[in-house]
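When a ligand or atom number is given, it counts from 1 through the structure's own listing order. The model shown is predicted, which means the values in this text are computed figures rather than measured ones.
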Amino acid sequence: MGTEQVFPFSVVSVVEDVLQHQGGRLSDVNLASRKAEEASLRRYEAAGWLRKTVGVVGGKDLPAEPSEENFRLGLRSGIILCNVLNRIQPGAVLKVVEAPNDSVLIPDGAALSAFQYFENVRNFLVAAEEMGLPTFEASDLEQGGKSSRVVNCVLALKSYAEWKQGGKIGIWKYGGIGSSKPPISGKTLLRKNSEPFMKSLWTMPSGDRDAMSDHSLNNDSGHDRTEGGSFPSLHSLVRAYLCDKRPEEIPMVVESLLSKVVEEFERRMQLQHETLKITQEENIPSEVECSISKATSVDEEMEEKEDSQELQVKEELEEESYDTYNGHDESSSQYFKKQELVEQQNKSIQELKTIVYQTKSGMKFLQKRYQEEVIYLSKHLHTLASAASGYHKVLEENRKLYNQVQDLKGNIRVYCRVRPFLGDQPSYYSSVSNVEEGSISIITPPKYGKEGKKTFNFNRAFGPSATQAEVFSDMQPLIRSVLDGYNVCIFAYGQTGSGKTHTMSGPNELTEETLGVNYRALGDLFLLSEQRKDTIFYDISVQMLEIYNEQVRDLLTTDGANKRYPSLY
Ligand SMILES: Nc1ncnc2c1ncn2[C@@H]1O[C@H](COP(=O)(O)OP(=O)(O)OP(=O)(O)O)[C@@H](O)[C@H]1O
């Protein structure tokens with residue numbers, strides 16, 4: 001299977017990046033710190049296991065939780081490594097050059113000659129390689145920053161020891177950097193680096209050589225893998241191509257470029273693994289529907305999940321492809337079925353992305369409409385508020401003017417009403433000669449031969465034909481003044497039988513037309529208070545008293561005993 005068909009990035013892009021950035025790294029601070037922490041823990045685990053295996057005395061040069069420098073220096077002589085390996089696999093290292101007993105081992109391992117400890121390390125590496133363990137370069141113990149490969153080797157040996165101690169049940173799997181590996185079974189899976197390739201590697205600059213060997217920790221079945229993944233490595237392709245080439249045939253630049261490409265490519269693979277792990281740990285999207293519902297609320301999260309699912313699918317495909325490539329359990333038909341499944345899932349993911357995109361567009365449209373409506377309503381509301389404010393001002397002004405008019409009409413107004421003749425009384429007995437709007441003329445007895453006549457002025461004069469409504473209409477504006485806070489008093493004055501009760505209350509048999517001033521005034525009071533109920537609350541009470549023969553009587557009480565008030569004098 002072509003690499004570019006599976007990986008989320010192309011080799012070409014990797015090469016371009018390498019050429020452009022000269023091997024520059026993508027910065028990911030979180031990932032780097034997490035990796036550093038993980039590397040420390042793994043180093044402690046390796047050191048602890050070595051100390052436990054070799055004993056307190058044998059492991060005295062290796063702290064339980066060593067720094068990378070101390071770890072390297074502790075193992076530099078190769079003695080601990082060889083002794084541990086011989087305990088796990090007796091006779092694996094035939095000759096171990098021990099440090100002289102009387103020598104004091106100084107941190108840089110100078111108690112042994114460089115040749116002696118190089119021999120120990122070399123013997124250990126040869127034995128480890130023959131066992132199928134991931135190895136490292138002897139130079140890794142000479143320079144800092146390369147202890148991860150040594151740690152890998154030690155942890156692989158530890159894993160092997162545990163498997164062996166457990167009775168060799170099942171197939172031993174090296175569990176370095178968190179993922180299971182294909183089985184390694186001693187020398188049956190032994191693979192040695194081809195000499196020409198190794199030579200070509202040694203002709204590289206040390207940095208390039210290290211970069212390449214960083215990702216060559218695990219060798220089996222002729223296919224290298226990345227540290228955390230299970231993909232076929234480009235190393236195998238590079239090695240296959242270079243195996244029959246002589247070192248001088250490979251220009252230094254090409255070697256350097258190739259190594260950087262390989263390094264960058266596999267580093268990206270590692271990043272993909274790490275990202276996938278983090279995403280799976282944090283999100284764990286079990287159902288696609290679940291992802292959809294969450295996506296409606298958090299679109300970005302949805303996209304991340306989709307990406308992680310896509311990555312997971314690709315990851316599975318790559319793993320399956322790797323198994324198929326190695327001739328393990330999966331048959332090719334199963335592989336194609338799974339590939340089909342992956343394509344379907346990819347299609348579903350694309351559809352989901354489309355739905356999410358449409359939903360987002362719809363939401364944006366609704367949001368825009370909503371904002372526009374809110375803006376329009378706020379403007380409208382502002383206009384209404386201004387109008388209401390203006391209306392209240394006008395209303396207040398109107399009220400003032402209205403009451404000013406009432407004042408100008410006179411605080412005390414006098415009206416005159418002429419009662420009609422009752423029953424069969426002839427009208428020619430009337431002494432009223434003329435009734436005008438504001439005056440009334442009365443015929444008086446003739447004096448000195450002249451016909452007598454007197455004219456009286458009133459605010460308004462009502463003739464015998466005036467109705468109850470006409471009489472009330474002239475005093476009706478005063479009722480509104482009452483509700484504006486002015487005191488108003490309306491009373492009738494006149495001789496007995498002149499029609500006071502008729503004007504103020506009405507006849508005995510009341511109809512709508514014959515209602516007097518009192519009823520009409522009360523009707524207006526209730527009507528206006530009802531109209532203003534949203535702005536003003538009025539409390540209206542009524543009292544009806546009769547004062548007759550210096551006795552005050554409550555005309556509204558139903559209790560006859562208390563009807564008469566105590567005497568005023
Ligand atoms: N404008 C009117 N039209 C028709 N009938 C009237 C009118 N004014 C008075 N009357 C009638 O005249 C009669 C006497 O009127 P009313 O009882 O109102 O006089 P009054 O001034 O109240 O008398 P008192 O002072 O004795 O109580 C009543 O029968 C009443 O119905």
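The distance from the CG atom of Leu556 to the CD atom of Gln543 is 8.0 Å, given to the nearest 0.5 Å.
Considering all non-hydrogen atoms of both residues, Leu510 and Tyr519 come closest at CD1-CE1, 3.6 Å.
For the pair Glu340 and Phe336, the minimum side-chain heavy-atom distance is 4.5 Å or more.
Remark: Arg553 is not positioned above the aromatic ring of Tyr548, lacking an NZ or CZ atom under 6.0 angstrom from the ring centre and at most 45 degrees off the axis.
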I'd like a table of the close N/O pairs between ligand 1 and the protein (anything under 3.5 Å), one pair per line with both atom names and the distance.
| unit_1 | atom_1 | unit_2 | atom_2 | d |
| --- | --- | --- | --- | --- |
| ligand 1 | 18 (O) | Thr501 | N | 3.3 |
| ligand 1 | 18 (O) | His502 | N | 2.9 |
| ligand 1 | 19 (O) | Gly499 | N | 3.1 |
| ligand 1 | 21 (O) | Gly497 | N | 3.4 |
| ligand 1 | 21 (O) | Ser498 | N | 3.3 |
| ligand 1 | 21 (O) | Gly499 | N | 3.1 |
| ligand 1 | 21 (O) | Lys500 | N | 3.1 |
| ligand 1 | 21 (O) | Lys500 | NZ | 2.9 |
| ligand 1 | 22 (O) | Thr501 | N | 3.1 |
| ligand 1 | 22 (O) | Thr501 | OG1 | 2.7 |
| ligand 1 | 23 (O) | Gly497 | N | 2.8 |
| ligand 1 | 25 (O) | Lys500 | NZ | 2.8 |

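Checking each of Met475, Glu437, Arg417 against Arg460 for a side-chain contact (heavy atoms from CB on, under 4.5 Å) leaves exactly one that passes, namely Glu437.
Asp484 has a carboxylate O that lies under 4.0 Å from a charged side-chain N of Arg532, or vice versa, which qualifies the two as a salt bridge.
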